[in-house]
S.K.: 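Submitted below is the structure of interest, expressed as structure tokens.
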There are 2 protein chains.
Amino acid sequence: MLHVAEAARVSVATVSALINGTATVSPELSQRIEQAIRDIGYKRNAIARSLKMGTTRTIGLTVPHITNPFFTDVVSVIQQAFDRAGYAVMLCCTDEDLNTQDDQIRLLLDRMVDGLIVARVGDGAILKRIVDDANVPVVLLDRICEGVDTDAVVLDNQRAVFDAITYLINLGHRRIGYITGTSDISPMHDRMAGYREALHAAGLPIAEELIRFGNFHEIDGYNATMQMLSSHDRPSAIFSANNPMVIGTMKAIRDIGLSCPEDISVACFDDFPWSDVFQPQLTTVAQPVQAIGEQAANLLLDRLAGNRDAPPRKLLLKGRLMIRNSCRPHGATVQSVSA
Amino acid sequence: MLHVAEAARVSVATVSALINGTATVSPELSQRIEQAIRDIGYKRNAIARSLKMGTTRTIGLTVPHITNPFFTDVVSVIQQAFDRAGYAVMLCCTDEDLNTQDDQIRLLLDRMVDGLIVARVGDGAILKRIVDDANVPVVLLDRICEGVDTDAVVLDNQRAVFDAITYLINLGHRRIGYITGTSDISPMHDRMAGYREALHAAGLPIAEELIRFGNFHEIDGYNATMQMLSSHDRPSAIFSANNPMVIGTMKAIRDIGLSCPEDISVACFDDFPWSDVFQPQLTTVAQPVQAIGEQAANLLLDRLAGNRDAPPRKLLLKGRLMIRNSCRPHGATVQSVSA
DNA sequence: AACGCTAATCTAAACGTTTCGATCATGTCA
DNA sequence: TGACATGATCGAAACGTTTAGATTAGCGTT
């Protein structure tokens with residue numbers, strides 16, 4: 001900018017005024033300056049600007065795994081929204097690891113991001129501390145956090161799983177396996193609650209051996225399914241509370257020589273683009289990813305626009321059960337799915 | 001830092017020296033400073049540091065669509081690699097749009113990223129200019145670019161498609177539909193060349209009506225497939241040069257009342273996590289996503305480590321044909337796939 | 001002609017670091 | 001004991017912006 005100012009024989013203040021439109025500058029100086037900018041190929045240094053202004057027009061986004069199709073879609077939507085608003089987004093994947101997450105959030109705050117969208121991991125103690133003394137707005141995505149009182153957009157997980165399990169119960173299933181991630185994050189906790197509630201509402205007992213915990217990965221779903229299917233009194237249906245784990249479930253069913261939906265019904269949380277085209281077409285709980293991403297972005301953008309003191313807003317969205325052909329009436333051997 | 005210095009009754013220079021280990025500071029001052037840092041909860045401002053140092057420890061990454069499973073995986077790998085190296089990554093999705101891409105690259109350069117990994121879009125003219133006068137290292141991912149002479153890691157696309165088409169030919173297919181994206185990016189160009197080469201090598205004619213162009217999206221694959229299948233002399237096999245488009249292909253096959261692989265064989269470029277578990281299990285060309293991501297990251301990290309003047313390095317990786325059960329011998333009606 | 005008002009421009013300080021060179025003890029050696 | 005190297009610490013400039021406040025010029029009023 002100094003060079004531009006010299007070339008145009010004006011002060012840097014005038015150059016700045018012209019670029020930002022913060023003051024009127026006369027036509028002849030404008031022209032000289034614009035010419036100089038072109039000649040020199042000047043680009044404003046956003047870092048220097050950020051230092052002075054105290055704002056980077058950059059936000060941080062952390063998710064557990066970008067390869068989980070739910071997060072893939074949500075990240076995509078959020079990225080687009082901030083792109084439209086002229087913000088850059090720094091993406092971090094925490095790999096479901098608490099320490100990684102803390103490091104990454106610190107890294108983002110060091111870089112002075114203007115705001116944070118986080119799909120947290122692990123217990124919320126450190127996150128709470130970070131959120132408290134970083135004074136940037138934070139919106140919680142997908143996973144709320146005890147004691148961290150900030151904007152959030154989450155699904156009504158309990159209701160969604162309740163509906164799905166009730167659907168299976170109505171198909172006649174009595175022993176329904178349930179594969180979940182660790183319960184220390186709210187969606188897993190709430191989904192489990194939905195499972196229990198549905199069984200309870202139907203007057204069915206809760207068989208603890210049908211509830212298996214994994215670490216969100218395919219292999220965990222595989223192992224959990226293997227264990228359940230090897231028992232003498234195996235479930236007639238399995239619900240996986242997480243999408244990557246259901247791949248493991250399907251592989252286990254195949255490897256053990258059974259097939260879905262003939263021998264066992266399967267449903268899972270989180271829809272994916274292929275679910276319509278391949279067999280079995282998996283019955284899933286679809287989250288409104290577009291809405292979730294947009295709402296999260298809007299909440300943050302609103303804070304960034306200056307609305308700092310409004311009380312925390314919690315958005316609760318509804319899931320939708322996508323009924324396809326991976327679940328059959330219990331005991332049915334015919335092709336038809338009619339209950 | 002000023003506050004820390006005051007609290008510890010030292011100069012800011014000493015604080016900086018201690019934090020960065022750039023000079024020895026006596027035990028008692030060290031202790032006083034560390035205490036002050038803890039008391040105040042001081043965090044170094046990475047923006048100010050970047051301004052002074054001329055480096056942000058941040059890189060920019062642009063891809064067409066993060067929801068394309070190939071890019072999902074590669075982004076994930078790259079993100080992890082830079083995370084390990086202490087870099088942040090700014091992610092942009094260009095949506096296959098040239099203007100968007102240019103804007104985003106400019107945005108990234110304004111923010112003084114230390115390097116750029118780009119899976120480009122459109123013609124390379126502007127990209128070339130940007131790369132030339134931004135003096136940050138750039139590595140091209142997946143798509144090389146005429147005239148832009150810089151590090152790159154790409155697949156041997158021609159060979160990969162040659163192998164896939166040859167496989168179909170060996171199954172007895174003579175009329176093989178080919179669905180591709182626009183040819184202005186190198187992978188699409190090279191894959192098409194592989195298609196033509198394979199037909200040519202087998203002495204088969206190239207039927208131009210069997211070659212359809214789309215814009216990488218599911219709907220394009222759907223329309224292209226619909227057109228081909230509606231013709232009186234439809235192909236017995238279809239190869240889709242892009243993964244999202246194959247979903248459209250499968251939907252079109254279903255909607256038109258045919259089935260795969262009984263009536264028509266299908267294969268496509270880019271593997272995806274579900275391909276093993278659902279029917280038909282799609283035969284695909286798998287890219288070594290892990291290697292691609294790591295190599296791209298390594299090339300850039302090497303430049304960032306100071307190796308600026310080495311000549312451009314082009315890495316050519318090999319694809320792998322994952323043969324599953326979505327392709328049958330032409331005319332076969334039995335279950336077995338034995339050619 | 002003196003005055004005030006407005007619009008255009010400039011000067012200089014500030015943002016929070018890093019780092020060069022200067023300063024100042026302290027101990028070593030002739 | 002004086003000269004000198006050594007090691008620790010500091011002062012101040014610099015990175016490239018923004019912006020508050022000062023300055024200047026131009027113009028209409030009285």
Side-chain angles (χ1 to χ4, degrees), chain A residues 1-37 40-58 86 88 106-114 133-136, chain B residues 1-37 40-58 86 88 106-107 109-114 134-136:
Chain A
M1 181 180 271
L2 182 61
H3 298 122
V4 171
E6 281 167 357
R9 304 187 306 284
V10 298
S11 76
V12 289
T14 310
V15 178
S16 178
L18 176 65
I19 290 177
N20 299 306
T22 52
T24 47
V25 7
S26 68
E28 63 262 43
L29 287 204
S30 296
Q31 206 191 336
R32 287 219 306 267
I33 293 170
E34 275 158 5
Q35 185 61 47
I37 286 175
I40 296 183
Y42 165 79
K43 292 267 128 102
R44 175 165 67 190
N45 182 323
I47 294 295
R49 171 166 230 260
S50 291
L51 177 60
K52 183 66 185 152
M53 306 280 278
T55 166
T56 52
R57 290 194 83 77
T58 300
R106 252 186 281 273
L107 178 106
L108 291 170
L109 290 175
D110 284 355
R111 281 173 170 72
M112 305 268 110
V113 291
D114 291 344
D133 43 71
N135 53 358
V136 302
Chain B
M1 182 180 270
L2 181 62
H3 298 123
V4 171
E6 282 168 355
R9 303 187 307 281
V10 297
S11 76
V12 290
T14 309
V15 177
S16 178
L18 176 65
I19 290 177
N20 299 306
T22 51
T24 46
V25 7
S26 68
E28 63 263 42
L29 287 204
S30 297
Q31 204 190 337
R32 287 218 306 266
I33 294 171
E34 276 158 5
Q35 185 62 47
I37 287 176
I40 296 181
Y42 165 78
K43 294 267 127 102
R44 175 165 68 190
N45 182 323
I47 294 295
R49 173 165 228 261
S50 292
L51 177 60
K52 185 66 184 147
M53 305 280 278
T55 166
T56 52
R57 289 194 82 77
T58 300
R106 253 185 280 274
L107 179 104
L109 291 175
D110 283 354
R111 280 175 172 70
M112 305 269 108
V113 291
D114 291 343
N135 53 357
V136 302

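Here the structure is a predicted model, which is why all the values come from computation and not from measurement. In what follows, every chain begins at residue 1, and chains take the letters A, B, ... in the order their sequences are listed.
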S.K.: Can you identify which nucleotide, out of dG11(D), dT17(C), dT9(D), has its nearest atom closest to the Ala23(B) side chain?
M.R.: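 The answer is dT9(D), which lies nearest to the side chain.
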
S.K.: Without decimals, in angstroms, what is the distance between Asp110(A) CG and dG16(C) P?
M.R.: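 After rounding, the reported distance stands at 15 Å.
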
S.K.: Taking the side chain of Thr14(B) as its heavy atoms from C-beta onward, which of dC10(C), dT17(C), dC10(D) lies nearest to it?
M.R.: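 For Thr14(B), the side-chain atoms sit closest to dC10(D).
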
S.K.: Between dT17(D) atom P and Met112(B) atom CE, what is the distance in whole Å?
M.R.: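 Value for this atom pair: 8 Å.
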
S.K.: If the cut-off is 4.0 Å, is Arg44(B) near the phosphate of dT18(C), judged by side-chain N/O to OP1 or OP2?
M.R.: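 For dT18(C), OP1 or OP2 has a side-chain N or O of Arg44(B) closer than 4.0 Å.
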
S.K.: Hey, is the side chain of Asn20(B) poking within less than 4.0 Å of OP1 or OP2 on dT18(C), counting only N and O atoms?
M.R.: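 Asn20(B) to dT18(C) OP1/OP2: side-chain N or O found under 4.0 Å.
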
S.K.: Where the side chain of Val25(B) is concerned, which of dT18(D), dT9(D), dT19(D) is the nearest nucleotide?
M.R.: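 Among dT18(D), dT9(D), dT19(D), the one nearest the side chain of Val25(B) is dT9(D).
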
S.K.: Nearest whole angstrom, please: distance from the C1' of dT17(D) to the CG of Leu18(A).
M.R.: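 One finds 15 Å between C1' of dT17(D) and CG of Leu18(A), rounded.
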
S.K.: May I have the distance from Ile40(B) (atom CD1) to dG16(C) (atom P), rounded to whole angstrom?
M.R.: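 Value for this atom pair: 13 Å.
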
S.K.: For Ile33(B) and dA8(D), what is the distance between atoms CD1 and P respectively, to the nearest whole Å?
M.R.: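 In whole Å, dA8(D) P lies 13 Å from Ile33(B) CD1.
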
S.K.: Any sub-3.5 Å donor-acceptor pair from Ser30(B)'s side-chain atoms to Val25(B)'s backbone N or O?
M.R.: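 Between the backbone of Val25(B) and the side chain of Ser30(B) there is a qualifying donor-acceptor contact (under 3.5 Å).
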
S.K.: Does CD in Glu6(A) sit with more than 12 non-hydrogen atoms of other residues, nucleotides or ligands closer than 6.0 Å?
M.R.: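 Buried by this count: over 12 neighbours within 6.0 Å.
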
S.K.: Can you find a side chain N or O atom of Arg49(B) that sits less than 4.0 Å from OP1 or OP2 on dT18(C)?
M.R.: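 Answer yes for this pair, as a side-chain N or O of Arg49(B) is under 4.0 Å from OP1 or OP2.
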
S.K.: Nearest to the side chain of Asn45(A), which nucleotide is it out of dA8(D), dC10(C), dT17(D)?
M.R.: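 Looking only at heavy atoms from C-beta outward on Asn45(A), the closest nucleotide is dT17(D).
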
S.K.: Does CD belonging to Gln31(A) count more than 12 external heavy atoms closer than 6.0 Å?
M.R.: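 Open.
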
S.K.: With the side chain of Thr24(B) defined as its heavy atoms from C-beta on, choose the nearest nucleotide among dC10(C), dA8(D), dA12(C).
M.R.: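 Selected nucleotide (nearest to the side chain): dA8(D).
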
S.K.: Working to the nearest 0.5 Å, report the span between NZ of Lys43(B) and CG of Asn45(B).
M.R.: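 So the NZ of Lys43(B) and the CG of Asn45(B) are separated by 12.5 Å.
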
S.K.: Kindly give the heavy-atom pair with the smallest separation between Leu51(A) and Ala48(B), and that separation in Å.
M.R.: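 Taking Leu51(A) first and Ala48(B) second, the nearest heavy atoms are CD1-CB, 3.7 Å.
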
S.K.: To the nearest Å, how far apart are Ile19(B) CD1 and dT18(C) C1'?
M.R.: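 Distance, rounded to whole Å: 11 Å.
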
S.K.: Among dC10(D), dG16(C), dT18(C), which is the nearest nucleotide to the side chain of Leu51(B)?
M.R.: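 Comparing dC10(D), dG16(C), dT18(C) against the side chain of Leu51(B), the answer is dG16(C).
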
S.K.: When all nucleic acid strands are considered with a 4.0 Å heavy-atom cut-off, which category describes Ile47(A): base, sugar-phosphate, or nothing?
M.R.: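 Ile47(A): no heavy atom of the nucleic acid under 4.0 Å.
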
S.K.: It should be established whether Ser16(B) places a side-chain nitrogen or oxygen under 4.0 Å from OP1 or OP2 of nucleotide dT18(C).
M.R.: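 Affirmative; the distance criterion is met.
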
S.K.: Let me spell it out: for each of Val12(B) and Glu28(B), pick the nucleotide of DNA chain D with the closest heavy atom. Which residue's pick is nearer the 5' end?
M.R.: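 Per heavy-atom nearest nucleotide, the more 5' residue is Glu28(B).
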
S.K.: Among dT19(C), dC10(C), dC10(D), which nucleotide sits nearest the side chain of Met53(B)?
M.R.: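 When the side chain of Met53(B) is considered, dT19(C) is the closest of dT19(C), dC10(C), dC10(D).
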
S.K.: Indicate whether any N or O donor in one side chain lies under 3.5 Å from an N or O acceptor in the other, for Thr58(B) and Arg111(B).
M.R.: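 Checked: Thr58(B)/Arg111(B) side chains show no N/O donor-acceptor pair below 3.5 Å.
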
S.K.: How long is the line joining CD of Glu6(B) and P of dG11(D), in whole Å?
M.R.: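 These atoms are roughly 12 Å apart.
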
S.K.: Just the rounded figure in Å: distance from P of dG16(D) to CG of Leu2(A).
M.R.: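 About 9 Å, once rounded to whole Å.
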
S.K.: If you assign each of Lys52(A) and Arg9(B) to its closest nucleotide in DNA chain D, which residue comes earlier from the 5' end?
M.R.: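 Final value for this comparison: Arg9(B).
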
S.K.: Using a heavy-atom cut-off of under 4.0 Å over every strand shown, decide if Ser26(A) touches base, sugar-phosphate, or nothing.
M.R.: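 Here Ser26(A) touches the backbone only, sparing every base.
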
